[in-house]
Every structure is written in C-alpha cells, then in structure tokens.
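Working notes for the structure below.
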Amino acid sequence: MKNVLICASMLGSILAFAQEKDSIKTKGIDEVIIINSYIKKDSEYSNKMPLKAIENPQVYSSIDKTILENQGIYTADDAFKNIPGLQTMWTSNGRAGDGGAYVSLRGFVSANSLRNGVLGAVTGTIDAINLEKIEVLKGPSGTLFGSLLSSYGGVINRVTKKPYETFGGNVSLSGGSYDTYRAAVDINTPLTQDKKLLFRLNSAYTNEGTFQTEGFRRNLAIAPSLSYKPTDRLSINLDMELFQMKNMSDQTFFFYSGNYLQKVNNIKDLNLDYKNSYLGKDLTNTGRSINFFGQVNYKISNSITSSTNFSTSSSYSNGFMPYLYFMGDDASSMYRSDQSTRDSRKKSLNFQQNFNGDFHIGSLRNRVVVGFDYLRVNNNQNFYDVNGFDRDASGNSIPVPLHQAGFDYTNFNGTALQEKYNAMAGSESPYLIKGIQENYAVYISNVLNITNNLNVLMALRVDNFTNKPGITGASDSEERKKLNQTFFSPKLGIVYEVVKDKFSIFGNYQNSFKNLDYYVDASGTTRTPIPEQANQVEGGIKTSLFNGKLSSTLSYYNIQVKDVLRSTPSDNPRAQIQDGTIVSKGVELELNAYLVKGFTVIAGFSYNDSKYTKADQAVLDRRPNTSGSPYLANLYASYQFLDGNLKGLGFGIGGNYASENKIYNSADGVFSLPSYVVLNASAYYDAKKFRIGVKVDNFTNQHYWIGYTTANPQRLINAVGTLTYKF
C-alpha cells in the first residue's frame, strides 16, 4: 500500500506540472497516430503476404507497442491479457526447451514460437523492450507455419522494432511493489552518412520479488538489430536476441488421482495460505535463450519480391524446479518434489525462402506466395528427479501437513535438496530427451480477387518430417526407430466485402497436424502412427467503420481433432490406440473503438466448448483439463488529452474475467480453479522530452489462480512507476 500512495503522490505531481504553461511546450500529438496505435492493423504475417484485416479470411488479434506503453507493460506474457480468447495457463520458468509461458487458445495449449513470421522461440520471460506489436493468429495454422511452430488453437507472432534513419531513443527507470526495479534503453542511430546502414539497440534489466515468502525473478534482455539497404531493390536485416533469466520458479501445485478428490473439488477447499510459498531459499534456476536472425529482401520486379530468412534458436537451463502435489486420501497434506535440469539444451535452425507476387491474369488479381521451409530441432534435455523430498526412516515418501502451526517449510531449500542429489550420485535415473527432428516443406498460397468485393484464398503445404530420437525416458535402453512421414495441409478462405473496405463476411477452412511417436497397442505390438490432425471450419463478419475508428470481428468456429492417441484397456499400462477425437467449438468477439477524440476502447469476449467425443471412459464427453476457462472477457478503456493545458495526460482502466477452470476433470474426480475478475489501472503524462507513467495491477487485491493441470497463485495488488527520458 505504501507503493500505491507513492504512485498516487507522483500522479498528483504530474497534474500540477501539467498546469504550468511553460512546461507544455511539447510537439502536438497526432490523432491519427493514436487511432493507428489502438485499432487493429493489417498484417504481413498471417498469410505471409500483406493483407488488409477486412479482406483477410483468418481471425487474428494485434496489440501495439503504444498499448503496452500506456498500460505500463514490460513483458510479452503480461500483454496477453489484451487478446480476446487467450488465457495464460503457465508462467515461464526458464527451463530449456519448454520453459516459456503457455496459454490456452480455442481450447488448446499454445506457446510463443514465432518472431517476424519465422522461428523465434524463447523459453523464459519475453521482455517487451524490442516489441513493435504482438499478433495472435487464431485457429489451426499448419498450412503456412507447420506443425512444430503452431498449435491447433493458434500462433503467437512477435513483430519487433526496426532501425530507422534518424538518431533517437530513450532511457527509462522503473520501481514499485515487491522489490521491482527496472532499467531499459532504446538507442537508434544511422552508421553512415547516406543512412543506408542503420543500427538499433534495445536492452533492459528487471528485478522482481514476490508477494509470497520466497521467490524472485531477474531478467536481462539484449536485442541489437542492424539494417543495410545498398540499393532501392535490396535490403538486409540482421538481429540478435538474448534473454537471460535467473529465478525461483513460481509456486506450482499438481493434482494427481486419489481419494482426496472426493473430499475437495476447488482450490478454495484446501484453505492454502496464499502468501506462503511452502519452500525455502536458494531453489534457483538459470535459463537462457539466444536467437539470431537474418533476412535478405530483394525486389525482382515491380510485381515479384524475394524474401530469404534464416534464424537460429538456442535455449539452456541449469538448476532446481521444485513443485508441490496432492495424491492419496488426505487433502490436508501435500508432497514436495523437484525436477531439475543440468546443462540442458535445445537448439533449432530455420531457413525459409518466400517469393511474393502481385499480378493480374486477365482481369483477375492474384496475390501469391510460394515458399520453401526447412526446420531442424536438436534436443539434448536432461531432467533429474528427487521424487519425494520428505521420507520416513524406511525411505518411503511421506506428505507434510498444510495447516500445522510451526511446521518448518523452509527445510525444503537449495542446500538440503543438493544433499539429496549428492546422496543419489551414481544411482540416478535421469529422464533424457535427445534426438534430432527435421522438417522440409513447400507451400503455395494465392488470394484471387474474383471481383472487386470477392476474394478466395487457396493454400497447400507439403511436409516431410523425420524424427531421429536418441534415448527418451529412463526406461528405454536402446535407440528408437527413425520416423519418416509426409503430410498435406490445405487451407481455404472466402471473403465477400458487402461494403468495400467497411463490412465483410468471411469463412475459412484451416488445417494443422502433429507428428506422433511410435506407440504400443494392446497386444504389445509397436505401431507406426499417422499424423494427428485438426480441421477447422469458421465463419463470421468483420467491420472497419468511421474511417477505421471502429473495427470489430465476430466469428464462430468448429475444430475437430482426429487420430488422437489414447489409452486402451489392457494388461499393459502403456497400451494405446490411435482413434481419439476432440471437438472444440465456440464464438469470439473483438471490438476496437476510437469514436470520441482521445477516448479508446479495446474489448473482447469468447466462449469455448471443448470435449472428448471419442476417448477413454474416464474423460469421454468431458472438457480436457488443458482447455482453460470456457468463458473469457477483456476490456481496456483509456482517455488522453490531445489539446489544452493537460495535453499529453492520459488515464486507463481495464480488467479480465475468466470462468471456472477444471484442471482435473475425470470420472474419478473434478478439481477446479474458481472464476475471477482482475482490474488494473494506469496513468501517464507524455511530453516531448520525457514521459511519466504509473500503473496499479490487481487493485482490488483479488486472490486468483491460473493452471495448466496445475494451480499457480497470482500477484496481489502491486504498483510500478516509470520515468522515461527521450532523446
């Protein structure tokens, strides 16, 4: 609360400062810029070609850097709260390979994997220091992005800041609740007098504490970029990203099967101490992601361009990953365990060549992209377990009480855990994920304008996937067989603009797929799988009214995933059969409005009905426990003075709603996280040479949880103030 009062005092100073006329010698804020910053913009990445939103048959959402700045957001993960139909399920922990944040989209788990349309995975916290905007493409998108970089629910694409032709930038300092402090810099400069060679550096360091008894995050982001344009036809871009993270993982509860599920069915029933981490000190992990990017664009003719892209992604982690779980009969006690990584790595390489054309055949306009894509993933991830930190004299794992006064939860700490691992030296059974995956693909997509108001998008992708695994899992003693599969992925979209550039009706068919590993059937025979695939049918309307000041999208979708591997009744607990089906359907509404000068609104609502329609009896006709909340809503409204003595002063308020989330949903029990409403507010004063901003998140001090088959408590009320100097 002290921090909130400090921020309120700061805001009062802003108002007093704004009344001094001599201090308001700022450059006028262009209202057009304000509009463009909040209203959904056209995308160059959703179909690998420039398309207006109104003529694009795919649904996507876009969050601009101005929104991030006005809301005081400095991570991509936090920006997701502005995306309709997206729910954060799992916060980033920095673990190599899979340590990034996970979200739910249209009932399916998704993670960040794209940067400017190509591979750009990050396994820790993604700093927003170099973000121009975030795009979320909705629905199965395997036709243009493949199976390894997309999910059935959608694709998250980060669009980054680019160098520009003048010297400029800013430096900012932030501080606030829970020992939060941050320093960030954005510097741009031309390196040659002819301004053909440009350089930009974005970097930030952030420290965050916790509302609980133990926990912290320290994040470093360094993102230089270089652009060179030797001729009007040729441009070259080189970029690098380094995200380094040292942290103690957020508190995570797992819920396994057991009779305790008959006694409790909601996280509130456990009466957990919300502020107690139930852990000690020094349970730290170090994670790192390093990405390199290269792009060469060449204008072959007035109607044909070439784009050659190269990217590499490397992640590393080393350290503890403690977790807590429930099982057995007693809901008043829990178990404590750890899954560490040691020198764990994942490396990926992506090469992509695109040729774009815009030409007429007769009277018909064609916008086409023809591309080739190569992706190589090298897994070398090493997991080590202490499965049961607390044990009795016979070595059996025992639970610890949740509500026993004076119990020392801090005895589960880094020193004690390392002693456990030292005692196991030579007898450990690590879980290893090793091997190489390669994917070759060719694709073609064409937008054909049959009339000035009617266009049809047709696309097809052909993938050849190979998996050369090493040892996967401690129980495997020999290298598995190589898997080689070829798969076709089509896409179809139709858009009819009832009123040109203002109102359109659209429909799409989209496809995506997933390559699976060999499995064992009920007879013990090893079977070769076919790719699991998702097919979506979607229809809706899009608007762009009042000169673009009001844009909206309303859609209904139906996604069917077939050929899902599922367990089958057998004496062999590993036995599976590939005949499962999941159906996910729902509606989404997104609204972006700027109808009153200085006043903007972004809002969204979604409903998702997801269930197993062919599966094990335990989950048949039930919602998958990874699908998130069925109902989601988001709202952000802001007002900025564009004239007068208060010119540059702005305020914003918004929030998110999520309905009940069933993180365990089976015939033997149901366990849920309750619905929640989280409200946030911000204020800022933007002048020519400086900017002052204040944000207060969760200002009602809501106790709420997110989960991906897990329960993770989220931050209580917190405030952060930021001072930025521009040059």
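Counting from 1, the numbers follow the sequence of the chain as shown.
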(request) Please step through side chain to side chain donor-acceptor pair (under 3.5 Å) for the pair Q352 and N354, ending with a clear verdict. (result) CA-CA 7 Å; Q352 189 176 115; N354 293 314; 3.0 Å; yes

Is the shortest side-chain heavy-atom distance between [X] and [Y] below 4.5 Å?
X	Y	result
D239	R115	yes
F465	L148	yes
L448	V368	no
T160	F293	no
S555	E588	yes
N453	Y496	yes
N219	F243	no
E590	I83	no

Starting at [atom1] of [X], measure out to [atom2] of [Y] and round the result to the nearest 0.5 Å.
X	Y	atom1	atom2	result
S311	L119	OG	CG	4.0 Å
D64	L131	CG	CG	10.5 Å
N449	H360	CG	NE2	7.5 Å
L492	L460	CG	CG	11.5 Å
K161	L201	NZ	CG	11.0 Å

(request) Taking the six-membered ring for Trp and the single ring otherwise, decide whether the centroids of F727 and F167 are under 6.0 Å apart. (result) yes

(request) Determine, using ring centers only, whether F690 and Y725 are less than 6.0 Å apart. (result) no

NZ/NE/NH1/NH2 to OD/OE distance under 4.0 Å, [X] and [Y]:
X	Y	value
E497	K52	no
R106	E538	yes
E438	R376	yes
K65	D186	no

Any donor-acceptor pair under 3.5 Å linking the side chain of [X] with the backbone of [Y]?
X	Y	result
N291	L242	no
S43	Y45	yes
S682	N70	yes
R233	Y298	no
N508	P57	yes
N188	T166	yes
K542	F506	no
S489	R461	no
T543	S552	yes
N366	L364	yes

(request) Step by step, work out the salt bridge (Lys or Arg N to Asp or Glu O under 4.0 Å) result for K48 and D373. (result) CA-CA 13 Å; K48 295 189 182 292; D373 187 88; 5.9 Å; no

Donor-acceptor side-chain pairing of [X] and [Y] below 3.5 angstrom:
X	Y	answer
Q71	K81	no
E135	S62	no
T724	E69	no
N309	S307	yes

(request) Sort out for me which residue in T123, D77, I126, N157 forms a side-chain contact (heavy atoms from CB on, under 4.5 Å) with N112. (result) I126

(request) Start with the C-alpha distance between K726 and R691, add both sets of side-chain angles, then the distance that settles side chain to side chain contact (heavy atoms under 4.5 Å, CB included), and finish with yes or no. (result) CA-CA 8 Å; K726 307 174 187 179; R691 177 187 176 94; 4.1 Å; yes

(request) Show your reasoning for whether side chain to side chain contact (heavy atoms under 4.5 Å, CB included) applies to L457 and S445. (result) CA-CA 7 Å; L457 182 151; S445 178; 4.0 Å; yes

(request) Walk me through it: do I602 and N82 pass the test side chain to side chain contact (heavy atoms under 4.5 Å, CB included)? (result) CA-CA 8 Å; I602 56 176; N82 294 291; 3.7 Å; yes

(request) Verify salt bridge (Lys or Arg N to Asp or Glu O under 4.0 Å) between E241 and R158, making sure each step is shown before the conclusion. (result) CA-CA 12 Å; E241 288 180 335; R158 294 177 289 128; 2.9 Å; yes

(request) Using the side chain to side chain contact (heavy atoms under 4.5 Å, CB included) rule, take L197 and F199 through it: C-alpha gap first, then chi angles, then the decisive distance, then the call. (result) CA-CA 7 Å; L197 185 62; F199 175 76; over 6 Å; no

(message) Using 30° and 60° as the class boundaries, would you call the ring planes of F108 and Y152 parallel, tilted or perpendicular?
(response) perpendicular

